[in-house]
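See structure below.
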Amino acid sequence: MAEAGIRAGCRAYFGYPITPQNELLEYMAAHMPKVGGIFIQAESEVAAINMCYGASAAGARTMTSSSSPGISLKMEGISYLAGADLPTVLINVVRGGPGLGNIAPAQGDYFQATKGGGHGDYRMIVLAPATIPESIELVMLAFELADRYRVPVMVLADGMLGQMMEPVLFPEPVDPAALPAKPWAITGARGRRPNRISSYFLDPAELSARNVKRQRRYQQIEEQEIRYEEHETADATLVVAAYGSVARIARTAVRMARSEGIKLGLLRPITVWPFPYSPLRALSRRVDAILTVEMNAGQMVEDVRLAVAERAETPFYGKLGGLVPTPKDILREVKRYAS
Amino acid sequence: MAEAGIRAGCRAYFGYPITPQNELLEYMAAHMPKVGGIFIQAESEVAAINMCYGASAAGARTMTSSSSPGISLKMEGISYLAGADLPTVLINVVRGGPGLGNIAPAQGDYFQATKGGGHGDYRMIVLAPATIPESIELVMLAFELADRYRVPVMVLADGMLGQMMEPVLFPEPVDPAALPAKPWAITGARGRRPNRISSYFLDPAELSARNVKRQRRYQQIEEQEIRYEEHETADATLVVAAYGSVARIARTAVRMARSEGIKLGLLRPITVWPFPYSPLRALSRRVDAILTVEMNAGQMVEDVRLAVAERAETPFYGKLGGLVPTPKDILREVKRYAS
Amino acid sequence: MDNTFIFAGFGGQGVILAGKLLAQAGADYGLEVTWLPSYGPEMRGGTANCTVVLSDEPIGSPVVDNPSALVAMNLPSLERFEKAVVEAGTVVVNSSLVTRRVERNDVTELTIPANDIAASLGNPRAANMVALGALVKATGIFPLDIIKRAMVRMLSDKGSGKLIEVNERALEAGYEAV
Amino acid sequence: MDNTFIFAGFGGQGVILAGKLLAQAGADYGLEVTWLPSYGPEMRGGTANCTVVLSDEPIGSPVVDNPSALVAMNLPSLERFEKAVVEAGTVVVNSSLVTRRVERNDVTELTIPANDIAASLGNPRAANMVALGALVKATGIFPLDIIKRAMVRMLSDKGSGKLIEVNERALEAGYEAV
Amino acid sequence: MPVNAKSMVKVFERPKSLTDVQFTYCPGCHHGLVTRIIAHTIDELGLQERTVVVAPVGCSVSMYEWFHFDGIQASHGRACAVATGIKRVNPHLIVFTYQGDGDLAAIGTAESIHAANRGENITVVFINNQIYGMTGGQMAPTTLIGQWATSCPTGRDPALAGYPIRFAEIVAQLDAPVYVTRQSLYDQKRIMATKRAIKKAFQYQVEDKGYSLVEILANCPTNWRMSPVETNRRLADEVVKSYPLGDLVDRV
Amino acid sequence: MPVNAKSMVKVFERPKSLTDVQFTYCPGCHHGLVTRIIAHTIDELGLQERTVVVAPVGCSVSMYEWFHFDGIQASHGRACAVATGIKRVNPHLIVFTYQGDGDLAAIGTAESIHAANRGENITVVFINNQIYGMTGGQMAPTTLIGQWATSCPTGRDPALAGYPIRFAEIVAQLDAPVYVTRQSLYDQKRIMATKRAIKKAFQYQVEDKGYSLVEILANCPTNWRMSPVETNRRLADEVVKSYPLGDLVDRV
Amino acid sequence: MPKGKIVIDKERCKGCGLCLAFCAQDVLAYSTEYNQSGYNIIWVKEPERCIGCAFCAQACPDIAIEVYREKKPKQGK
Amino acid sequence: MPKGKIVIDKERCKGCGLCLAFCAQDVLAYSTEYNQSGYNIIWVKEPERCIGCAFCAQACPDIAIEVYREKKPKQGK
Ligand SMILES: Cc1ncc(C[n+]2csc(CCOP(=O)(O)OP(=O)(O)O)c2C)c(N)n1
Ligand SMILES: Cc1ncc(C[n+]2csc(CCOP(=O)(O)OP(=O)(O)O)c2C)c(N)n1
Ligand code: SF4
Ligand code: SF4
Ligand code: SF4
Ligand code: SF4
Ligand code: SF4
Ligand code: SF4
Ligand SMILES: [Mg+2]
Ligand SMILES: [Mg+2]
């Protein structure tokens with residue numbers, strides 16, 4: 001993912017060590033200098049996100065990464081990025097929580113990522129890869145979207161993806177110099193009026209206007225950027241909804257179910273915000289149940305239920321605390337609704 | 001609210017100045033010493049929440065308060081409190097966001113408070129008062145619930161409540177010495193085995209067990225602690241759902257609507273987590289529309305829609321950036337659905 | 001019927017305090033009250049206003065679309081709120097700083113040179129009290145004494161005891177000026 | 001059909017690395033691979049294990065209910081995973097530390113005194129390589145050379161070049177010991 | 001009374017680097033003074049086209065609106081981290097932070113110290129007015145012993161709230177900073193000295209020398225509850241006793 | 001070979017304040033040594049029934065499981081704030097934090113300095129091993145110039161990553177701390193001196209004197225990639241040059 | 001003594017009194033005037049005493065003062 | 001020289017070698033044994049040379065060593 005960042009033209013990385021994402025930081029430490037980029041190991045996650053804020057304001061493609069507790073510390077900073085319309089790519093390699101928890105894979109930060117763990121009305125685009133090759137792809141995409149919409153974009157991975165090894169093919173690197181100019185960036189007010197980056201608008205009417213404009217951008221994102229994958233849903237009577245690495249485990253469960261004659265399908269949101277409500281809505285009209293499987297106590301399931309609106313059953317199966325469901329676990333659960 | 005805290009037996013307050021909640025901190029500075037309590041102006045919100053963590057672990061009724069950006073900084077700490085099963089009362093006097101925003105009243109932190117702005121699977125009980133007298137009442141309740149369930153409890157106010165003046169009657173003070181003992185607290189391992197407060201459980205099975213136990217407590221809270229108020233809903237064909245100070249503005253709108261012959265009612269969640277899904281579900285079976293009004297871009301409306309499940313229309317009316325809807329605004333909006 | 005007031009002016013003119021005082025006095029007088037400031041900058045600078053509602057029954061919205069009385073301590077305040085005042089409402093204008101007259105003729109206008117009066121009493125900062133005194137007289141909501149007592153208590157609490165006397169005189173002067 | 005492996009042992013025994021090496025070699029050999037560690041403590045101490053999947057088609061779940069082969073470097077590992085191994089699977093047991101035998105008789109058991117062999121080669125820490133060598137031989141997934149080359153590359157990248165030779169000999173010794 | 005341009009020469013004028021916007025500071029507040037001095041310095045060094053102000057959260061929060069150059073508003077305490085991000089990405093820019101004592105020495109302690117320790121090539125202007133101005137007069141880490149504030153209504157008690165932090169002395173302990181100084185503004189001489197210090201700090205940045213800290217003992221008439229003239233007296237008589245003036249480090 | 005209890009006397013035994021749980025530290029790690037020294041100190045002072053350990057995030061994260069007294073796990077860097085909360089609420093308790101250099105001197109800079117500045121009556125044990133141990137060997141703020149770490153793979157370059165922070169010196173600049181010292185463990189003499197320093201720090205807390213900091217230069221064989229014996233040599237030969245040993249403040 | 005002249009921008013003045021305190025020549029004083037922001041502003045009471053030293057302007061936090069000084073066309077001393 | 005004796009808890013020993021380096025009497029050495037955790041442990045090679053100084057125990061990070069010393073019943077020096 002670090003290499004994908006560099007290839008996406010990222011030239012400023014600020015991070016703070018935390019398992020399970022240290023390899024990413026260490027990769028940046030070793031390789032950023034080689035491409036003339038900036039690597040700083042910040043004094044904390046709070047400092048790191050604020051360095052991103054500065055670097056992004058200065059026009060660079062900027063990135064930080066961390067894991068759950070460290071991401072929580074960035075909440076104020078993320079809200080500032082959103083409030084100042086700054087693009088930054090964040091990677092959260094989610095671990096078991098709450099609190100210090102453990103370093104096992106988990107998905108307990110879905111709400112935080114998709115609903116806004118920071119204060120105020122903001123959204124991040126949240127991309128949830130299921131494989132290492134897809135991680136690469138989505139990190140590249142994250143930089144594109146961040147710049148296009150001037151929003152922070154989060155890649156929501158988990159300990160499994162963070163630590164898994166899979167062979168990958170890297171796409172062609174992007175040349176940062178060839179990227180579209182950012183006329184709003186802080187580059188020195190030479191021959192133009194001063195640029196000002198701020199989220200401070202004392203006058204409620206002015207702040208409201210800014211917010212309304214931003215919400216319109218969010219709406220545009222919802223219209224244009226929803227990504228998801230359907231697998232074996234055409235004839236399905238039962239669908240699993242899962243994202244990230246759980247989705248790939250579920251894929252194996254689909255294969256197992258099909259081999260037993262159960263018409264199981266899989267819907268995998270790739271963008272968890274914007275969330276693919278409409279394909280789920282469509283599915284809800286023709287299947288009996290949509291089983292949401294997450295490595296948490298039930299978070300995405302709320303979005304699934306919003307889409308389904310009680311047209312189908314919407315059971316939930318979750319594993320907590322860093323436990324990972326196996327294909328068998330999912331199959332067992334599926335069978336409870338397959339009769 | 002500060003006085004309510006002291007009367008609820010709070011003897012340890014840690015805070016950091018931020019408008020609009022400075023009066024609370026200043027009241028604590030002046031009055032805590034008088035009751036032999038602890039007041040510290042911490043070096044930051046991060047320090048403050050961690051002082052709460054320590055003080056609460058040591059057995060005291062503990063409180064902190066802040067406003068949106070400061071609350072975002074507490075996210076890691078809140079997740080730790082939840083993960084270590086420590087009771088603490090937090091007051092968020094929400095202001096306009098995201099980022100620095102402004103100091104006007106807003107409700108942009110609903111998601112953060114109710115879904116978990118910090119990482120991991122945790123919940124806070126979130127109480128949303130609509131008047132100053134109710135604030136007092138709910139602060140007292142917050143301490144009770146925090147201790148009973150060993151969870152952090154947030155009182156979600158806004159700039160309007162934070163700065164409004166209304167006459168109040170204070171309840172009898174609670175004597176901290178008379179409160180039930182906390183056998184789990186850190187008090188020195190004299191004549192007992194050591195007590196340990198931690199959210200660190202390296203073994204996923206162990207962390208999972210802790211989480212499952214906690215989720216069961218959450219379920220119990222959902223069963224027993226939902227609070228809400230219905231106003232003029234008996235014959236209503238149209239209902240406004242609103243919480244906090246918006247609800248009281250909506251109340252005036254109800255009066256205005258009724259005087260024009262529109263059968264408008266009001267449902268006001270007092271606990272926004274746990275959320276009163278079932279009364280809304282019941283209403284959704286007999287009204288045409290439930291209009292959610294919030295001072296944000298639409299947050300609680302998701303919970304309303306979860307409850308309604310498309311059985312009634314669920315339009316949304318929001319004001320952003322610190323703008324406050326007036327009774328007239330709400331009435332105008334209501335009329336769009338009253339035909 | 002609710003009595004609803006908006007106090008508006010520059011940050012330094014003490015409109016927030018004047019409103020608070022009115023609300024406090026209302027509460028002392030046995031009324032239900034709400035007071036709601038709408039700051040400009042965090043704590044100071046810019047323009048500021050606050051809304052006070054006095055009522056003999058529980059108050060719904062503390063936000064007011066149409067106040068029954070407006071105190072405009074400067075021109076921008078008058079321009080912003082003049083139109084909102086209810087018919088037959090009251091507008092107190094600080095004529096020391098506002099040179100134009102109220103444009104509507106369905107409201108009662110009171111022009112009070114609040115700054116000049118305050119300066120003549122030796123404290124130019126007491127202009128807010130002058131205006132408040134005038135408002136109390138004009139609306140007749142309660143006797144001036146109620147306000148005076150609330151003011152004495154509030155300033156003593158704040159440790160600003162030395163200002164009590166001049167504020168008292170300012171309230172009286174405003175009351176008389178109507 | 002997928003080949004699925006679990007390597008398990010104490011934190012310091014290098015099972016994570018051994019699994020990584022197997023995965024790397026698999027990738028070099030043109031297979032689809034996933035490698036998934038399941039740490040004990042952040043980075044060290046406690047028990048550790050990792051799962052490797054090698055396949056000639058895209059891999060679904062990197063999590064494995066029933067491995068086709070298990071490498072148990074100590075007793076707790078054997079106890080934890082023995083039952084999970086598929087029928088007719090392979091179990092490599094480090095007999096330097098594990099005194100008991102495999103209880104099942106529907107799997108192939110290989111007892112290798114990995115620590116002793118490694119110690120005799122002058123580096124007791126290379127026990128993981130001994131076991132890996134044995135596993136490669138026993139399962140015949142690919143030639144030992146593939147593993148060796150992957151090891152050389154990985155250690156050079158890590159700046160641990162001086163360990164290459166002893167590890168090479170350990171791999172061979174394990175391979176021979178079967 | 002118009003000025004006769006023939007016989008008179010302008011010896012003091014509004015800096016070019018300032019916009020027309022009126023400061024939102026209270027009457028007599030030293031924030032305005034320092035803002036003006038910085039603007040004059042940027043004028044003199046001809047840096048207007050490449051300077052960036054990092055505004056803090058505090059009374060100077062909207063400072064970027066007053067300058068005729070690029071600006072950014074940083075979250076409370078994090079100005080040095082933000083400045084680091086900007087400067088590293090674009091070393092050609094002249095980047096300074098402007099921070100209050102709450103911002104720099106309380107919530108921003110870590111960011112302030114570590115930027116100094118990394119020797120970021122930035123200029124940090126630190127307004128030590130011993131109080132939280134913007135939020136209405138709470139105790140700052142720099143508040144003097146016994147001083148009244150809204151959050152220590154009986155005066156700062158060191159047994160409960162600790163001692164005034166001498167931040168310049170802490171930064172002077174580090175190896176990287178090239179210039180660390182403490183100045184004030186209570187008389188004409190100090191104003192001139194502050195001007196020189198700020199100019200030196202910017203000059204060093206232009207020359208790529210590294211990190212500078214200019215701590216300035218300032219007033220807050222509103223929250224000290226004194227007239228501006230009285231605040232100057234207090235600075236000269238009381239405040240300098242806890243915070244000795246002068247250069248602590250000048251490594252160039 | 002059993003010991004003959006008649007003719008032999010036990011001169012070194014496992015401290016009573018320790019549980020039976022095996023440390024999770026790597027072979028030869030000084031963390032274990034300090035943990036043992038603290039336990040012996042608590043034994044000697046008879047404080048077992050009122051001591052509280054505040055464990056950090058770092059290799060010593062689960063330290064509370066090793067002691068036979070109450071304990072709490074603090075979020076990364078915030079141990080001093082947590083300790084403040086506990087001690088203020090219950091001053092009878094003897095509260096110490098135990099923190100690594102990443103925990104105390106990077107992310108926890110603000111909390112560490114402000115607790116010291118308030119003079120909280122706590123004991124801070126600071127394990128300066130010049131590396132992030134737990135997360136696998138990244139640079140710490142205390143890493144020496146030129147030292148290799150996974151996040152500075154070509155050695156720490158002060159131009160990019162700043163200089164080793166001498167935290168004891170910073171804390172010694174403050175008015176409140178009563179005892180600030182730097183010790184090490186590379187030979188028998190240093191181990192004894194560290195033992196005395198830790199005992200003094202706890203003694204002061206018992207006597208309500210105030211805040212103490214005991215910084216200990218320690219090793220990390222795993223991430224330094226050296227044998228434990230080599231690490232001791234490096235501490236004695238290299239590390240003490242950047243971090244002079246001895247008492248910096250002893251105000252009692 | 002050179003002859004000076006200052007111009008005060010009334011709308012910028014906040015009446016803080018610092019200029020007055022910094023002027024060693026007693027040129028300035030409070031007026032009886034209030035500006036649009038309600039501040040009691042300063043006026044040049046004794047213009048002829050002004051030496052154009054700019055102490056007042058340098059002390060003014062709101063840059064309400066501009067200072068001019070008489071040109072001295074190369075006179076001796 | 002007093003006579004000493006040490007007892008090593010094999011399962012606690014991690015084979016770090018610090019005790020060995022701290023013992024001035026060359027009492028200790030690496031054994032050929034591995035404990036259950038897989039560590040190559042230390043053994044008391046020359047027990048008779050031990051003087052019970054406890055340097056080894058004080059240096060052991062895992063408190064794997066207990067030290068005993070011969071009682072000296074009030075002999076004159
Ligand atoms: C995270 C956060 N915490 C607190 C605040 C509230 N706040 C605004 S300014 C300020 C401190 C102002 O004091 P100082 O930094 O000394 O600046 P001054 O106003 O005195 O110049 C605080 C605490 C905030 N905006 N954000
Ligand atoms: C908020 C947060 N950030 C980062 C981490 C990851 N982390 C765990 S330990 C550690 C640092 C360990 O270094 P140090 O404090 O020096 O202790 P040591 O392990 O060297 O004793 C870090 C960064 C975390 N758990 N939480
Ligand atoms: S509050 Fe104080 S620091 Fe802020 S502008 Fe007013 S006088 Fe200046
Ligand atoms: S990683 Fe280093 S500091 Fe941590 S236990 Fe191992 S040797 Fe000790
Ligand atoms: S220029 Fe000098 S003499 Fe003239 S008014 Fe200003 S301070 Fe006084
Ligand atoms: S210093 Fe400036 S603002 Fe203050 S009184 Fe003089 S002219 Fe007015
Ligand atoms: S007690 Fe002393 S002599 Fe005996 S083994 Fe230990 S260090 Fe060596
Ligand atoms: S010091 Fe302790 S752990 Fe290390 S080798 Fe000696 S006995 Fe074993
Ligand atoms: Mg200040
Ligand atoms: Mg360390």
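Each chain gets a letter, A, B and so on, in the order its sequence line appears, and its residues count up from 1. Excluded from the calculations below are hydrogen atoms, water molecules and symmetry mates; all remaining heavy atoms, backbone and side chain alike, are included.
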Heavy-atom check, side chain of Arg190(A) versus side chain of Gln48(E), under 4.5 Å: no

Contact summary for Arg192(A) and Asp70(E), nearest pair of heavy atoms: NH2-OD2, 2.7 Å

Residues Ile72(E), Ser198(A); criterion side-chain contact (heavy atoms from CB on, under 4.5 Å); working and verdict: CA-CA 6 Å; Ile72(E) 183 167; Ser198(A) 177; over 6 Å; no

Glu111(E) vs Ser44(A) side-chain heavy atoms within contact, under 4.5 Å: yes

Heavy-atom check, side chain of Arg50(E) versus side chain of Thr187(A), under 4.5 Å: no

Proximity breakdown for Ala84(A) and chain E, heavy-atom pairs closer than 4.5 Å: neither

side-chain contact (heavy atoms from CB on, under 4.5 Å) between Val53(E) and Arg196(A), intermediate numbers included: CA-CA 10 Å; Val53(E) 55; Arg196(A) 280 141 191 178; over 6 Å; no

Between His92(E), His76(E), Glu65(E), the one whose heavy-atom pairs under 4.5 Å with chain A are most numerous: Glu65(E)

Shortest non-hydrogen separation from Ile40(A) to Glu120(E) and the atoms involved: CD1-OE2, 4.2 Å

Pairs of heavy atoms under 4.5 Å with chain E: top-ranked of Val46(A), Thr62(A), Ile49(A): Val46(A)

Interchain contact, Phe14(A) with chain E, by part (heavy-atom threshold 4.5 Å): side chain

Least distance between heavy atoms, Ala47(A) atom then Ala81(E) atom: O-CB, 3.7 Å

Student check: side-chain heavy atoms of Gln73(E) and Tyr80(A) closer than 4.5 Å: yes

Which atoms of Ile38(A) approach chain E - backbone, side chain, both or neither, heavy atom under 4.5 Å: side chain

Shortest non-hydrogen separation from Gly191(A) to Glu49(E) and the atoms involved: N-OE2, 4.0 Å

Chain A contact via Ala79(E) - side chain, backbone, both or neither, heavy atoms under 4.5 Å: neither

Approximate separation, where rounding is to 0.5 Å, of Tyr64(E) OH and Asn195(A) CG: 13.0 Å

Distance, nearest 0.5 Å, that separates OG of Ser75(E) from CG of Leu81(A): 9.0 Å

Side-chain heavy atoms of Val89(E) within contact of Met51(A), under 4.5 Å: no

Non-hydrogen side-chain atoms of Tyr200(A) and Ser62(E) separated by less than 4.5 Å: yes

Top contributor to chain A interface from Asn117(E), Ile113(E), Leu93(E) [non-hydrogen pairs under 4.5 Å]: Leu93(E)

